[in-house]
Amino acid sequence: MLDPKLLRGDLDGVAAKLARRGYVLDITTLESLEEQRKAIQVETQALQAERNSRSKSIGKAKAAGEDIAPLLQEVEGLGDQLKTKEAELAKLQDELHGLLMGIPNIPQDDVPDGKGEEDNPEIRAWGERPVFDFAPKDHVDLGEALGQLDFETAAKLTGSRFSVIHGPLARLHRALIQFMLDTHTQQHGYREVYVPYLVNADSLRGTGQLPKFEEDLFRMTDEAGYYLIPTAEVPVTNLVRDSIIEADDLPLCYTAHTPCFRSEAGSYGKDTRGMIRQHQFEKVEMVQLVRPEDSAAALEALTGHAEAILQQLELPYRVVALCTGDIGFSAARTYDLEVWLPGQQKYREISSCSNFEAFQARRMQARWRNPDTGKPELLHTINGSGLAVGRTLVAIMENCQQADGSIRVPVALQRYMGDTTLISKL
RNA sequence: GGAGAGGUGGCUGAGUGGUCGAAAGCGGCGGUCUUGAAAACCGUUGAGGGGAAACCCUCCCAGGGUUCGAAUCCCUGCCUCUCCGCCA
């Protein structure tokens with residue numbers, strides 16, 4: 001959510017900045033609602049003040065043993081009048097709040113302009129793309145030939161966009177999770193957390209998935225109506241919802257492994273082959289809660305932490321800056337890490353690292369106590385994948401494949417695999 | 001699932017339908033004392049919003065209700081704790 005004060009003070013300026021990301025701000029509606037709100041709020045508060053002072057004098061008169069009947073007559077009708085105004089005000093405020101919740105974040109000034117994915121500039125690239133003296137296969141062909149990746153059975157068990165993994169490949173998948181968590185906790189200063197995989201609507205509103213993107217989520221149909229998390233970002237960031245953090249405790253750096261569930265509505269026909277786009281996948285997430293002045297540096301650091309995983313796994317990748325047309329709803333700035341996939345001859349997203357500034361914090365009422373002012377102020381939130389586990393598995397399979405279809409285990413993972421160095425046919 | 005007890009500021013915890021946005025303690029901040037610190041003492045200290053301002057409004061888990069007036073009374077929901085049952 002944007003700062004309502006900013007919207008009141010500089011609506012045209014905000015509209016211009018949002019236009020960069022292709023969002024048209026409905027200035028007319030906002031202005032007229034805001035005007036009504038102001039008028040009705042002033043009236044309502046005047047009525048409330050009158051009720052309060054009259055009630056107070058009734059109390060005093062009663063205590064003094066005076067006759068309060070005439071005083072009671074004076075306030076007759078005031079209650080109903082007040083109730084009507086209060087209801088009117090509440091309706092307006094709901095409407096305004098609803099509009100506000102649907103407005104995306106303002107991109108930072110130096111986020112590059114662009115319409116979509118194709119306009120994202122490359123910031124840097126790392127590693128050598130492997131050269132094969134044979135035609136490299138993609139992970140589906142490799143996995144099925146190894147007898148360790150099975151999409152058909154997954155489709156029988158559930159439906160499309162699920163997978164079954166067997167044997168050493170399943171172990172590699174698990175090893176990746178341990179490796180990532182250990183690296184972030186032991187080398188990058190994060191605290192590991194275990195969190196619920198089902199969350200309530202308030203949490204999803206806090207991080208910005210609701211109200212706009214409900215169709216991307218899986219929702220339970222029972223009375224509670226919980227949602228399966230689409231990313232650990234939701235439960236982990238919401239750890240600090242409705243709380244005030246002491247300055248000394250900042251920054252808070254959390255890492256968590258969770259499964260993620262996405263309906264992938266609207267991506268029909270896209271990435272239907274293999275493990276790239278699944279309804280269920282594992283991810284290790286990093287979340288930082290920082291002082292506002294630290295958020296820009298924190299995003300750079302966190303992006304580096306995600307890169308460190310790729311580097312230790314010796315996977316070639318590049319970093320792109322998302323342009324204004326591709327940046328997510330809640331983000332003010334985002335870097336995507338894209339890993340090289342020989343099977344597709346393409347770079348594919350494997351991590352997305354964003355600075356949300358106060359956008360999520362305002363929705364969550366996540367604050368810290370600023371020692372300079374003594375007042376609670378909004379935190380900044382940062383998060384990024386470190387990394388998407390399924391896609392990392394894909395990247396290892398495709399980059400470390402051998403002519404005979406076996407997969408070399410990256411050195412960094414061998415100790416998590418009982419010193420296995422090669423994955424071969426079962 | 002059954003029975004009971006509770007939800008009050010950053011934390012602990014009082015609170016009779018009427019100067020209660022709320023005692024007290026802890027913590028925080030400022031000061032006195034001290035070479036410095038600790039201790040002691042004194043003072044100060046909830047959040048959000050409206051208004052140009054004076055000032056005003058809202059908030060005691062949430063939502064309804066009763067009342068001139070609700071932290072306090074009534075209803076519903078949520079959450080926490082204790083006991084019993086069941087259970088990985």
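Note on naming: letters A, B, ... go to the chains in the order of the sequence lines (proteins, then strands), and numbering restarts at 1 for each one. What you see is a predicted model, and the numbers here were worked out from it, not measured in a lab.
- Between A:R367 and B:G10 there is no side-chain polar atom (N or O) within less than 4.0 angstrom of OP1 or OP2.
- Nearest to the side-chain atoms of A:K62 among the listed nucleotides B:G49, B:A47, B:C68 stands B:C68.
- Distance A:L47 CG to B:G50 P: 19 Å, rounded to the nearest Å.
- Remark on RNA chain B: of its neighbouring residues A:E377 and A:G59, the 5'-side contact belongs to A:G59, judged by nearest-heavy-atom nucleotide.
- A distance of 14.5 Å separates CH2 in A:W368 from OG in A:S243, rounded to the nearest 0.5 Å.
- The gap from the P atom of B:A22 to that of B:G10 amounts to 15 Å, rounded to the nearest Å.
- Atoms CD1 (A:I58) and C1' (B:U67) sit 10 Å apart, rounded to a whole Å.
- Look at B:G4: its Watson-Crick or wobble partner, with both distances under 3.5 angstrom, is B:C81.
- When distances run from any side-chain atom of A:K83 to the nucleotides B:U66, B:G10, B:C68, the shortest one goes to B:U66.
- Ring geometry, A:H305 versus A:H188: the interplanar angle falls under 30°, so the pair is classed parallel (tilted spans 30 to 60°).
- Side chains of A:L379 and A:R291 form no contact here, defined as non-hydrogen atoms less than 4.5 Å apart.
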Note to self: Treating primed atoms plus P, OP1 and OP2 as sugar-phosphate and everything else as base, which nucleotides of nucleotides 51-59 of chain B get B, S or - for protein heavy atoms under 4.0 Å?
What the structure shows: S----BSS-
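- Taking atom C1' on both B:G28 and B:G46, the two are 12 Å apart, rounded to the nearest angstrom.
- Taking atom P in both B:G65 and B:A70, one finds a spacing of 12 Å when rounded to whole Å.
- Taking the P atoms as reference points, B:G21 lies 11 Å from B:C59, given to the whole Å.
- Across all strands shown, B:U66 forms no Watson-Crick or G-U wobble pair with both key distances under 3.5 Å.
- The nucleotide B:A14 finds no pairing partner, because no Watson-Crick or G-U wobble arrangement with both distances shorter than 3.5 Å includes it.
- Among the atoms of the strands shown, only primed sugar atoms or phosphate atoms (P, OP1, OP2) are found under 4.0 Å from some heavy atom of A:P376.
- Note: CG (A:D248) to P (B:G28) measures 10 Å, nearest angstrom.
- Across all strands shown, nothing is found opposite B:A54 as a Watson-Crick or G-U wobble partner with both distances under 3.5 Å.
- When rounded to the nearest whole Å, the span between CZ of A:R369 and C1' of B:G48 equals 14 Å.
- A salt bridge is absent between A:R262 and A:E264; no separation between the charged side-chain nitrogens and carboxylate oxygens falls under 4.0 Å.
- Figure legend. B:C59 is base-paired to B:G46; pairs are counted as Watson-Crick or G-U wobble with both atom distances under 3.5 Å.
- Across B:C26 and B:C78, the matching P atoms stand 39 Å from one another, rounded to whole Å.
- Per the geometry, CZ belonging to A:R362 stands 16 Å off C1' belonging to B:A47, to the nearest Å.
- There is no side-chain donor-acceptor pair under 3.5 Å between A:E357 and A:H380.
- Between A:T303 and the choices A:L337, A:I382, A:N355, A:D336, the side-chain contact (heavy atoms from CB on, under 4.5 Å) rule is met once, by A:L337.
- Inter-residue side-chain proximity for A:Q288 and A:N383 is flagged as unmet; no heavy-atom pair is nearer than 4.5 Å.
- One C1' atom belongs to B:A52, the other to B:C75, and the distance between them is 45 Å to the nearest Å.
- With contacts defined as side-chain heavy-atom distances shorter than 4.5 Å, the pair A:L341/A:I276 qualifies.
- As a whole-Å value, the separation of A:N200 CG from B:A62 P is 16 Å.
- Atom P of B:A37 sits at a distance of 38 Å from the matching atom of B:A54, rounded to the whole Å.
- Atom-to-atom distance recorded for A:F179:CZ and A:Y416:OH is 7.0 Å, nearest 0.5 angstrom.
- Rounded to the nearest Å, the gap between the C1' atom of B:A62 and that of B:U80 is 15 Å.
- In this structure, A:E35 places its CD atom 16 Å from C1' of B:G50, rounding to the nearest Å.
- Atom CG of A:L100 is separated from atom P of B:G49 by 13 Å (rounded to the nearest Å).
- For B:G18, its base never sits under 3.5 Å from the side chain of A:K56 at any donor and acceptor pair.
- Nearest to the side chain of A:Y226, among B:C79, B:G50, B:U19, sits B:C79.
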